[in-house]
Structures are given as structure tokens and as C-alpha cells.
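This structure is in C-alpha cells; I'll ask about it shortly.
Chain letters run A, B, ... following the sequence lines, proteins first and then strands; every chain starts at 1. Model, not experiment: these values are computed from the prediction.
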Number of protein chains: 2
Amino acid sequence: MPCRKRCGDQWWHGKIKDCGYRITAGREAIIETLSSTHDHLSAEDVYARIHDRFPNVGLTTIYRTLDMLVNAGLVFKFDFGDGKARYELTEGPKGAHHHHHLVCTGCNRVIDYTDFIDDEVELLRRTEKGLSDKYRFRIDNHLIQFYGTCTECLAK
Amino acid sequence: MPCRKRCGDQWWHGKIKDCGYRITAGREAIIETLSSTHDHLSAEDVYARIHDRFPNVGLTTIYRTLDMLVNAGLVFKFDFGDGKARYELTEGPKGAHHHHHLVCTGCNRVIDYTDFIDDEVELLRRTEKGLSDKYRFRIDNHLIQFYGTCTECLAK
DNA sequence: TCCTTAATGGGAACTATTTTCAATAATACC
DNA sequence: GGTATTATTGAAAATAGTTCCCATTAAGGA
């Protein structure tokens with residue numbers, strides 16, 4: 001499928017090209033979709049949201065592209081315990097929007113929170129340093145999630 | 001399958017009975033297996049380790065039991081990104097052995113660390129309090145993982 | 001010991017994800 | 001701009017982890 005959008009470079013083009021990947025219409029569509037929502041989309045969700053405008057971007061491509069984006073560090077892959085992977089951009093055109101997740105084990109709802117993030121990030125940075133020194137790991141990323149029961153589920 | 005072990009109660013019997021579950025030989029075997037290792041076992045791993053002594057505990061039962069144990073709060077279910085769930089006891093006969101994980105995205109190796117845990121746990125407790133107040137969540141658990149590349153994979 | 005009901009196992013079913021492969025399109029080079 | 005090279009592609013088939021189904025069995029209370 002030809003890359004029909006002839007508008008200028010997007011903020012993420014560099015990051016992709018630097019890793020040796022090509023810019024395609026499918027990839028544009030996928031990244032656009034991810035960047036236009038705060039939902040935690042599964043591969044199938046992305047497919048559904050793209051399919052109208054790009055009927056010939058297949059599910060396989062979605063999976064492959066998301067995987068590639070995870071490799072390139074542009075996307076983070078989450079497991080919220082409902083059997084399918086969820087994807088989120090690590091940053092937008094304006095930079096990172098740091099948040100963590102609160103997951104309801106009753107209904108699988110996920111709340112993004114940014115409260116307390118500064119303290120967390122500060123501690124994580126220290127921990128990261130300590131760990132990478134001690135275990136000789138290069139640490140790229142971290143995951144913090146809290147699990148519990150949301151108000152609605154508590155009411156039952 | 002009859003419960004052949006007639007030895008006295010195990011430390012976990014109460015927790016299971018309190019949730020209305022029964023004690024069976026299969027469940028004993030599964031918990032024993034989990035408590036005798038620090039490995040992060042998948043359902044299939046547990047099956048393999050039990051199958052010699054209990055040839056008639058099926059994989060289905062392993063899945064069901066692990067799920068039940070997660071519900072009962074005795075087991076924690078992890079996703080390290082290799083496509084299968086991993087299970088770990090949340091506590092042993094001597095109480096909880098608190099640790100977090102360092103995951104290599106190259107080879108999927110997982111290192112348990114306990115360093116810095118005290119600071120982390122202290123911060124988490126505070127965050128947990130703040131979050132549960134603000135979002136009216138009952139928080140039961142948390143997950144912290146660091147992702148990166150281990151020494152061996154860095155060498156490549 | 002008997003009775004109720006939860007737990008079981010084997011296989012089939014399900015579902016998210018990956019693989020295969022021939023066709024197509026994005027980039028580098030001229 | 002045209003062409004060669006090579007990554008990317010979609011569809012269908014394959015895979016793999018997990019769950020469902022249902023007749024049978026066993027745990028625990030009376």
C-alpha cells in the first residue's frame with residue numbers, strides 16, 4: 001500500500017528510521033491511532049479503529065508493527081490480566097506523559113494515575129541505578145501497577 | 001484422587017478452607033511444588049514437576065488450582081513477556097519473602113532482587129494509601145518490574 | 001457411614017498471536 | 001525521475017497457552 005500522506009515528517013519518523021525501519025501508511029495509521037487516545041488498546045482494537053480508513057491493513061501488520069514499535073522504544077506493551085496485550089505510546093509529540101496504572105481485578109478497568117508519580121520516579125531512578133550497578137544490567141524501563149477492586153466492584 | 005497424605009495440617013490449609021475451598025492431594029502437590037523452589041514456574045512447569053509422583057493430576061487441574069490460589073491470595077501471577085503466565089507463592093510457611101523482578105528482554109531471564117526493597121515498600125505503602133483514598137479503590141497488591149538487558153545479552 | 005456438592009481429567013474448543021510465502025512498495029543509488 | 005534492492009505486506013494456516021464441557025470421583029459435614 002502506497003504511503004498516501006505526503007505531509008511533512010512526523011515527530012516519530014526519526015526514531016523509526018534510526019532503527020532502520022521504513023515509514024509506511026500502515027505505520028502512520030497505527031501510531032496516529034495510538035496517539036489520539038488515552039485508552040489501552042489491544043491489537044484488535046487498533047485494527048478496528050483503523051479498518052474504515054485503511055481497509056487493507058491486516059491484523060498481522062498491526063501485530064508486527066506494534067512489536068516493532070516496542071522494539072524501537074516508542075510503545076509500551078502491558079498485560080492487565082485479561083488475556084490480551086495492550087499497547088500505549090511511551091511518549092507523544094510533546095514528550096513523555098508519565099503515568100502508572102491502577103487495575104481492578106474485578107472488572108479489568110484500568111485507571112491511569114499521575115499522582116505521587118514524582119516521588120515514585122525519583123525512587124525508581126535511584127533503585128535503577130543501584131540495580132544496574134549490582135547486577136550489571138542495562139535498565140531501559142520499569143513497570144508499576146497496583147491491583148485492587150474499584151468502587152463499583154466493591155459495591156457488589 | 002484420594003488425599004493420601006494423612007500428616008497434619010499444612011500452614012496454608014486455613015487460608016484455603018477460609019475461602020470455602022477443599023484440600024485435595026493435587027492442591028497439596030501444587031503448593032508443595034511452588035514452595036520448594038524459587039523458580040518462576042509456568043502451569044506446564046508445575047505439571048512436569050508433579051507428573052512423576054501424581055500421574056493423574058491433569059494440566060486442567062493445575063490451571064484451575066493456580067487460578068484458585070491467586071483468588072485466595074496465596075499465589076501471584078506474573079507476565080514476563082514470554083507468552084506464558086508464571087506463578088509464585090506470595091508467602092511461605094515462614095511468612096512473606098518480599099522481592100521484585102528484573103527482567104531481561106533479550107533472553108527473558110528473571111532476577112529476583114531484594115535490595116532497596118525497604119525503601120520501595122515504604123513508598124508503595126504511602127502511594128497505596130493516597131491512591132485508594134483518591135480513587136476509592138481497595139488495593140490488594142502491587143507489581144514492580146524493571147526491564148533491560150542482562151550482562152550476557154549485552155556482550156552480544 | 002451416607003449425602004451433598006466441589007473437584008477432577010481428558011479431550012475438544014477457543015483465542016491471541018506467529019509463521020509462511022508470494023506479491024508489493026519504500027528507499028538508496030544512479 | 002527510473003531502477004534495483006530489500007523490507008513490508010495480507011491472507012490463510014499453524015501454533016500455543018488457556019478454558020470449557022461433562023460424566024465421574026472424592027472431600028467434608030451430618
Side-chain angles (χ1 to χ4, degrees), chain A residues 1-7 9-10 13-14 16-31 40-48 50-51 54-72 75 77-87 108, chain B residues 1-6 9-10 13-14 16-31 40-48 50-51 53-72 75 77-87 108:
Chain A
M1 179 175 40
C3 184
R4 268 164 281 172
K5 297 187 70 166
R6 285 295 161 226
C7 50
D9 278 9
Q10 304 288 339
H13 282 190
I16 297 235
K17 284 184 177 162
D18 288 352
C19 296
Y21 300 119
R22 295 176 179 177
I23 311 292
T24 70
R27 292 175 179 177
E28 299 233 308
I30 291 168
I31 296 187
H40 310 98
L41 302 180
S42 67
E44 196 102 33
D45 292 338
V46 174
Y47 179 77
I50 283 182
H51 194 255
F54 298 89
N56 39 4
V57 170
L59 189 53
T60 310
T61 295
I62 311 267
Y63 275 109
R64 266 188 300 227
T65 301
L66 289 170
D67 200 47
M68 177 213 77
L69 292 170
V70 169
N71 273 331
V75 164
K77 182 178 182 180
F78 291 98
D79 168 40
F80 295 135
D82 65 345
K84 52 190 82 172
R86 308 260 160 191
Y87 301 86
N108 275 314
Chain B
M1 175 178 38
C3 183
R4 266 165 281 170
K5 296 189 70 167
R6 286 293 161 226
D9 278 8
Q10 303 288 338
H13 282 190
I16 297 236
K17 284 184 178 163
D18 288 352
C19 297
Y21 299 119
R22 295 177 178 177
I23 311 291
T24 69
R27 292 175 178 178
E28 299 234 307
I30 291 168
I31 295 187
H40 311 98
L41 302 180
S42 67
E44 196 102 33
D45 292 337
V46 174
Y47 178 76
I50 281 183
H51 194 254
R53 283 177 305 141
F54 298 88
N56 38 4
V57 170
L59 189 53
T60 309
T61 295
I62 310 268
Y63 275 108
R64 266 188 302 228
T65 302
L66 288 170
D67 199 48
M68 177 213 77
L69 292 170
V70 169
N71 272 331
V75 163
K77 182 177 182 178
F78 291 98
D79 167 40
F80 294 135
D82 66 344
K84 53 189 82 171
R86 308 261 162 190
Y87 301 86
N108 275 314

How long is the straight-line distance from NE2 of A:H13 back to CG of A:D18, given to the nearest 0.5 Å?
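It is 12.5 Å, given to the nearest 0.5 Å.
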
Residues in ring-ring contact (aromatic ring centres under 6.0 Å, His included) contact with A:F80, at least two apart in sequence or another chain
A:H40, A:F78, A:H101

Whole-Å distance separating the CG atom of A:L66 from the C1' atom of C:dT18
14 Å

Within this structure, what is the CZ-to-C1' distance between A:R64 and D:dA12, rounded to whole angstrom?
12 Å

Partner set under side-chain contact (heavy atoms from CB on, under 4.5 Å) for A:S42, not counting sequence neighbours
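Only A:E44, A:D45, A:K84, A:R86 meet the side-chain contact (heavy atoms from CB on, under 4.5 Å) criterion with A:S42.
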
How long is the line joining CD1 of A:I62 and P of C:dT17, in whole Å?
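To the nearest whole Å, that distance equals 12 Å.
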
First of A:T61 and B:Y87 reached from the 5' end of DNA chain D, by closest nucleotide:
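Checking each residue's closest nucleotide, the 5'-ward one belongs to A:T61.
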
A:D67 has an atom CG; how far is it from atom C1' of D:dT8, in whole Å?
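That distance rounds to 14 Å.
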
Separation of A:D79 CG from B:K77 NZ (nearest 0.5 Å):
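It is 8.0 Å, given to the nearest 0.5 Å.
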
Let me know the distance between CD of B:E28 and C1' of D:dA26, rounded to the nearest Å.
14 Å

At under 4.0 Å, does any side-chain N or O of B:R27 touch on OP1 or OP2 of C:dT8?
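Yes, such a contact exists.
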
Whichever of A:M68 and B:K77 has the more 5' nearest nucleotide on DNA chain D, that residue is A:M68

Distance from A:T61 atom OG1 to A:D67 atom CG, nearest 0.5 Å?
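With rounding to 0.5 Å, OG1 (A:T61) is 12.5 Å from CG (A:D67).
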
Rounded to whole Å, please give me the gap between CG in A:N56 and P in D:dT9.
11 Å

Would you compute the distance between atom CD1 of B:I30 and atom OG1 of B:T24 and round it to the nearest 0.5 angstrom?
7.0 Å

Please write out the pairs of protein N or O atoms and N or O atoms of nucleotides 14-16 of chain C separated by less than 3.5 Å, giving the distance to one decimal.
from   : atom 1 : to    : atom 2 : distance (Å)
C:dA16 : OP1    : A:K84 : NZ     : 3.4

Taking ring-ring contact (aromatic ring centres under 6.0 Å, His included) as the definition, give me every residue that meets it alongside B:Y63, ordered by chain and number, with sequence neighbours left out.
none

Enter the distance from B:E28:CD to B:I50:CD1 here, rounded to the nearest 0.5 Å.
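The CD atom of B:E28 sits 11.0 Å away from the CD1 atom of B:I50.
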
side-chain contact (heavy atoms from CB on, under 4.5 Å) partners for A:Y47, two or more places apart
A:H51, A:L59, A:I62

Short heteroatom pairs, N/O only, protein and nucleotides 2-6 of chain D, under 3.5 Å:
from  : atom 1 : to    : atom 2 : distance (Å)
D:dT6 : O2     : A:R22 : NH1    : 3.3
D:dT6 : O2     : A:R22 : NH2    : 3.4

Provide, to the nearest angstrom, the distance between the CZ atom belonging to A:F54 and the P atom belonging to D:dT8.
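Result: 18 Å.
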
On a heavy-atom basis, which atom in A:M68 and which in A:I16 lie closest, and how many Å separate them?
CE-CD1, 3.6 Å

Please pick, from C:dT27, C:dT8, C:dA7, the nucleotide with the shortest atom-to-atom distance to any side-chain atom of B:T65.
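Minimum distance to the B:T65 side chain belongs to C:dT8.
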
Nearest whole Å is fine: how far is D:dG17 C1' from A:D79 CG?
13 Å

Let's see if you can work this out: which of C:dT27, D:dT9, D:dG28 has an atom nearest to the side-chain heavy atoms of A:T24?
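Nucleotide nearest to A:T24's side chain: D:dT9.
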
Using side-chain contact (heavy atoms from CB on, under 4.5 Å) as the criterion, list what pairs up with A:V75, not counting sequence neighbours.
A:L34, A:L69, A:V70, A:Y87, A:L89

Polar-atom pairs under 3.5 Å, protein N or O versus N or O of nucleotides 11-13 of chain C: list them with distances, or write none.
from   : atom 1 : to    : atom 2 : distance (Å)
C:dG11 : O6     : B:T60 : OG1    : 3.1

Minimum-distance nucleotide (side-chain atoms of A:A43 versus C:dT17, D:dG10, C:dA7):
C:dT17

